[in-house]
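Naming convention: chains lettered A, B, ... in sequence-line order (proteins, then strands); numbering from 1 in each chain.
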Amino acid sequence: MNKQATLEEAIAQIRDGASIMVGGFGSPGTPFCLIEELIRQGQTGLTLIKNDANEQSIGISRLIENGQVKKLISTHIGLNKKVVGMMNDGSLEVAFFPQGILAEKIRTTGAGSFGFLTDIGLHSEITDPKDVIVWQGREVKIEPALYADVALIHAHTADHFGNLTYQATAMNFCPLMAMAADTVIAETSNVVTPGAIQPEAVHTPSAFVTSVVAVDTDRPEYGLMEGRYER
Amino acid sequence: MNKQATLEEAIAQIRDGASIMVGGFGSPGTPFCLIEELIRQGQTGLTLIKNDANEQSIGISRLIENGQVKKLISTHIGLNKKVVGMMNDGSLEVAFFPQGILAEKIRTTGAGSFGFLTDIGLHSEITDPKDVIVWQGREVKIEPALYADVALIHAHTADHFGNLTYQATAMNFCPLMAMAADTVIAETSNVVTPGAIQPEAVHTPSAFVTSVVAVDTDRPEYGLMEGRYER
Amino acid sequence: MSVEKILKRAAREIQDGQTINLGIGLPTMLVEYLPLDHDVMIHSENGVLGTGRKANEKEANPYLIDAGGSYVTTRPGAAFFDSAVSFAMIRRSKLDMSVMGAFEVDQEGNLANWKIPGKFSPGIGGAMELAQKTGTILILCTHTDKYGKSKILKKCTLPLTAEKCVSRIITDMAVMDVTPEGLVLREVAEGLTPEEVIKATDAELIPADTIGSF
Amino acid sequence: MSVEKILKRAAREIQDGQTINLGIGLPTMLVEYLPLDHDVMIHSENGVLGTGRKANEKEANPYLIDAGGSYVTTRPGAAFFDSAVSFAMIRRSKLDMSVMGAFEVDQEGNLANWKIPGKFSPGIGGAMELAQKTGTILILCTHTDKYGKSKILKKCTLPLTAEKCVSRIITDMAVMDVTPEGLVLREVAEGLTPEEVIKATDAELIPADTIGSF
């Protein structure tokens, strides 16, 4: 039940061609250390699922720039000119979903369901008419659940069993991805003994987590980015 | 933005014939004071949605025994012989769903969706063949979202804006019902000023809550029940 | 007596490190029989991972019950969550084993434990999702009903909880495994012969090469 | 200059006690213009209800940003939640108003603000759900693009974010309301005449009985 693992052995669970959900909305919640190890180990042909592409030269942008990524499933990559360029020149396949629909598609897998019925973007170009059904007298779109082999997430605190808490906006997609993926690897700089996290304070229960990796968050990516705060 | 209300004015929002989700798995999470006020005000023709029927002579069983309830949507009422009797003699209409399906139907409304695709009970007597579709080569059942006019829930702590926390197993259906119903009334014996609940500790964000009612939890229903603990 | 026999034998099925759900009734009582050196996570579908034994009057918290309504303790490393997350865990197959009671089980592993039409239909509860989605389903029940009729059948007659879901059945008379070949008799209770068990059983029992006792 | 004009006018739209979402760009800057005596809950779709003004270097928490990536403060009574809950709040229509930018808006209230085919398609983000499900959509944009072409059109030409969703449009030149009768010109910027605004606008503007100025 002790799920502590080294960075190396945790990331070694990932195969070439794997689909990987990566937590984070911008930097908060992005597991930078797990990503660096994935770059070091060099798995290729990956499909990444993340809200955004991080910014140029950090986070999953480094995986993409490094040629390890075949496809990106995302909601918005506007802050990353490099990845937009790779999308436009065809060197990276990209699929977009509305942000809350991406979140819900992930959670739907996490809840053991196969899809959900929505009216978001029903009459827009994002909807393929073959996904539209008339049901109880109403046109609705079936959104399939989105699955991944692996989830990589950043937690504020983790106990040995894999109970996780998140800080502020670093929560975002992390709890959903933890529910959805088969193998869930959580990095944290605060590993605590079971019982140190109050049961009511747990954001992700241990049953969803495969490996807990203790990391140093000294890397600059975990710190403040210049120009994003008031002087 | 201050959502504090008296017991009387909060419950007066409920009309005859309303559909009402009631929090609680057994006693924990059941809003006994809100229910008592609903008995006092006497709205009738109600549809109740609750995991169970509480036990005889407490909680929603009192509403049912009092003849205010037309229909109960539930998962299991085995601990309440009185309500089982009313179901069997036809004086109460009852519909059952698997427990997690009921939870998910409620959350689906809360997420602004219309239904979800599942395989639970697909080939059993709980499935009407008209709800089964073949989708992506697989037989799945469409479970419609379940809506209610009102949710009545018990919170451990609430601030003036309606941010809520729950204690232990009193959480159960409460956060889901808070998302799903149009009017959400939360009772608590701990009303605090905004800021007293850490933003990371909030279980139900204030946007989902209509009214916060301060109640005394001195009633015996909130205490220990005899015979349910070890000597 | 027979209850204790079933529970003692069932406790040996639980592996160190497993996450398990214990159904209402006989299975819940298994908590008291678990080996002390086993570290197990018990899931209660009302929103707990990590319940412990029943609470005494001093420990009992009115807001902390198990799915059967008893006040329980929690172990270090426990977590509370809502009913949607609780069943997400179940339907996403994060539990290793569910231990359940049965009205009827048959030799194909079909299970009926939620409804007796016209007699008993208090609702489905969490049984259907647990039975359909947990990797290993262990059934604990008496071998026969109060009229001496076998609960272990060729084919279930009651509405099913889930199809072909059962892995192992432990009764006061026998330990049986559902296999592709049929229902295999692995062990018989002390004092019984395999022939006596086979005679008391409606299902076709395939005797294992060696039949143990418990 | 014109940006400040738009923001000052837009701030008057926010009611005490409202829950609002401010889109990336111009709308986010509205925080600094809100009346001090107004108690407002600002929703940020990355998982906050209750953001405040931008954080300075001392206050900034690297784990606390708004949806535009700026470090922000929070107000007492703020809550954090995951992205599924954040958009549940949006799709369940719990926000009173969303303030958004636009590439194009038309006189039927159609909105295009996420994609310019062949030129700009960085993704949908949260715009589609906000536009489709928030009760009141307030659009802030310059009246014309950098070539002097009206952004307020008879009919949008770009892929829509949502159909018939816009309530009010505030530009550097005018305040306009989408009504069943068409697009009504309510106010014009100081120094402009209604005729000048109408001339600069592709959409058919219906002058209100009295046209104010701002």
**Q** Would you say that more than 12 heavy atoms from the other residues, nucleotides or ligands in this model lie under 6.0 Å from the CD of A:Q198, or not?
**A**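 Counting other residues, nucleotides and ligands, CD of A:Q198 stays at 12 neighbours or fewer.
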**Q** Hey, can you tell me if A:H154 and D:Y63 have their rings parallel, tilted or perpendicular (30° and 60° cut-offs)?
**A**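 Plane angle under 30°, so parallel.
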**Q** So which residue, A:G121, A:G78, A:P98, ends up with the most heavy-atom pairs under 4.5 Å with chain D?
**A**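 Among A:G121, A:G78, A:P98, the one with the most close pairs to chain D is A:P98.
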**Q** Which residue out of D:Y71, D:F120, D:F87 racks up the most heavy-atom pairs below 4.5 Å with chain A?
**A**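 Counting heavy-atom pairs under 4.5 Å, the top option is D:Y71.
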**Q** Check for me whether A:K50 meets the cation-pi criterion with A:F173, that is, NZ or CZ under 6.0 Å from the six-membered ring centre and within 45 degrees of the ring axis.
**A**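 The answer is no; the distance or angle limit is not met.
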**Q** Under a 4.5 Å heavy-atom cutoff, which of D:E59, D:E163, D:E57, D:R53 has the most pairs with chain A?
**A**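 Option with the greatest count: D:E57.
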**Q** Check whether A:E125 gets within reach of chain D through its side chain, its backbone, both or neither, counting any heavy atom under 4.5 Å.
**A**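 Side chain only.
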**Q** Do any N or O atoms from the side chain of D:Q18 and from the backbone of D:Q15 form a donor-acceptor pair under 3.5 angstrom?
**A**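 A pair under 3.5 Å: yes.
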**Q** Mind ranking A:V94, A:I120, A:I77, A:D52 by heavy-atom pairs under 4.5 Å with chain D and telling me who comes out on top?
**A**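 When all of A:V94, A:I120, A:I77, A:D52 are compared, A:I120 has the most.
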**Q** With a 4.5 angstrom heavy-atom cut-off, could you sort out which part of A:P175 is near chain D: side chain, backbone, both or neither?
**A**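 For A:P175, the contact with chain D is made by the side chain alone.
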**Q** Where does D:A162 contact chain A at under 4.5 Å (heavy atoms): side chain, backbone, both or neither?
**A**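 Answer is neither: D:A162 stays 4.5 Å or more from chain A.
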**Q** Just give me the residue among D:G68, D:A88, D:A79, D:A67 that pairs up with chain A most often, heavy atom to heavy atom, under 4.5 Å.
**A**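 Of the candidates given, the most pairs with chain A belong to D:A67.
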**Q** Can D:D16 and D:H38 be counted as having a side-chain donor-acceptor contact under 3.5 angstrom?
**A**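 No, D:H38 and D:D16 have no side-chain donor paired with an acceptor closer than 3.5 Å.
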**Q** Checking heavy atoms, do the side chain of A:M87, its backbone, both or neither come under 4.5 Å from chain D?
**A**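 The side chain, not the backbone.
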**Q** Under a 4.5 Å heavy-atom cut-off, does chain D meet the side chain of A:N80, its backbone, both or neither?
**A**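 Contact with chain D is absent: no heavy atom of A:N80 under 4.5 Å.
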**Q** Taking D:N110 for its side chain and D:K164 for its backbone only, find out whether a donor-acceptor pair lies under 3.5 Å.
**A**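 Between the backbone of D:K164 and the side chain of D:N110 there is a qualifying donor-acceptor contact (under 3.5 Å).
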**Q** Identify which part of D:S70 has an atom lying under 4.5 Å from any heavy atom of chain A, answering side chain, backbone, both or neither.
**A**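 D:S70 touches chain A through backbone and side-chain heavy atoms alike.
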**Q** Contact part of D:K58 toward chain A, heavy-atom cut-off under 4.5 Å: side chain, backbone, both or neither?
**A**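 D:K58 has no heavy atom closer than 4.5 Å to chain A.
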**Q** Which one of A:M225, A:H123, A:E226 has the most heavy-atom pairs closer than 4.5 Å to chain D?
**A**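 Heavy-atom pairs under 4.5 Å are most numerous for A:M225.
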**Q** For chain A, find which of D:I90, D:L160, D:L64 contributes the most heavy-atom pairs closer than 4.5 angstrom.
**A**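 Ranked by heavy-atom pairs under 4.5 Å with chain A, first place is D:L64.
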**Q** Where on A:L224 is there a heavy atom nearer than 4.5 Å to chain D: the side chain, the backbone, both, or neither?
**A**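 Both backbone and side chain.
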**Q** What part of A:F97 gets closer than 4.5 Å to chain D, counting heavy atoms only: side chain, backbone, both or neither?
**A**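 The answer is the backbone of A:F97.
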**Q** Tell me whether A:K70 at atom NZ has more than 12 heavy atoms from other residues, nucleotides or ligands lying less than 6.0 Å away.
**A**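 It does not: A:K70 NZ has 12 such atoms or fewer within range.
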**Q** Give me the atom names and distance for the closest heavy-atom approach of A:P28 to D:I65.
**A**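 Scanning both residues completely, I find the closest heavy atoms to be CD-CD1, 3.6 Å.
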**Q** Tell me, for D:E129 versus chain A, whether the close heavy atoms (under 4.5 Å) come from the side chain, the backbone, both or neither.
**A**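 For D:E129, the contact with chain A is made by backbone and side chain together.
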**Q** Among the options D:S121, D:A131, D:A78, pick out the one with the most heavy-atom pairs lying under 4.5 Å from chain A.
**A**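 Top count of heavy-atom pairs under 4.5 Å with chain A: D:S121.
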**Q** Of the backbone (N, CA, C, O) and the side chain (C-beta and beyond), which part of A:S74 lies under 4.5 Å from a heavy atom of chain D, both, or neither?
**A**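 Contact with chain D is absent: no heavy atom of A:S74 under 4.5 Å.
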**Q** Stepwise, does the salt bridge (Lys or Arg N to Asp or Glu O under 4.0 Å) test hold for D:R75 with D:D39?
**A** CA-CA 10 Å; D:R75 51 163 296 164; D:D39 202 14; 2.6 Å; yes
**Q** Which one of D:V72, D:T74, D:N61 has the most heavy-atom pairs closer than 4.5 Å to chain A?
**A**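 Top option by heavy-atom pairs under 4.5 Å: D:N61.
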**Q** Is there a donor-acceptor contact under 3.5 Å from the side chain of A:N172 to the main chain of D:D82?
**A**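 It does not hold such a pair.
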**Q** Should A:K82 and A:E55 be marked as a salt bridge (Lys or Arg N to Asp or Glu O under 4.0 Å) after you check the CA-CA gap, both sets of side-chain angles, and the distance that decides it?
**A** CA-CA 9 Å; A:K82 181 90 181 184; A:E55 298 182 36; over 6 Å; no
**Q** Working note: A:T30 + A:E221, criterion side-chain contact (heavy atoms from CB on, under 4.5 Å); need CA distance, chi angles, decisive distance, verdict.
**A** CA-CA 9 Å; A:T30 304; A:E221 294 95 318; over 6 Å; no
**Q** So, the side chain of A:D128 versus the backbone of A:D131: is there a donor-acceptor pair under 3.5 Å, distance only?
**A**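 A pair under 3.5 Å: no.
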**Q** By a 4.5 Å heavy-atom criterion (distance strictly below it), what part of D:T161 contacts chain A: side chain, backbone, both, or neither?
**A**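 It is neither, since no heavy atom gets under 4.5 Å.
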**Q** Quick one: what part of A:I126 sits under 4.5 Å from any heavy atom of chain D, side chain, backbone, both or neither?
**A**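 Looking at A:I126, just its side chain touches chain D.
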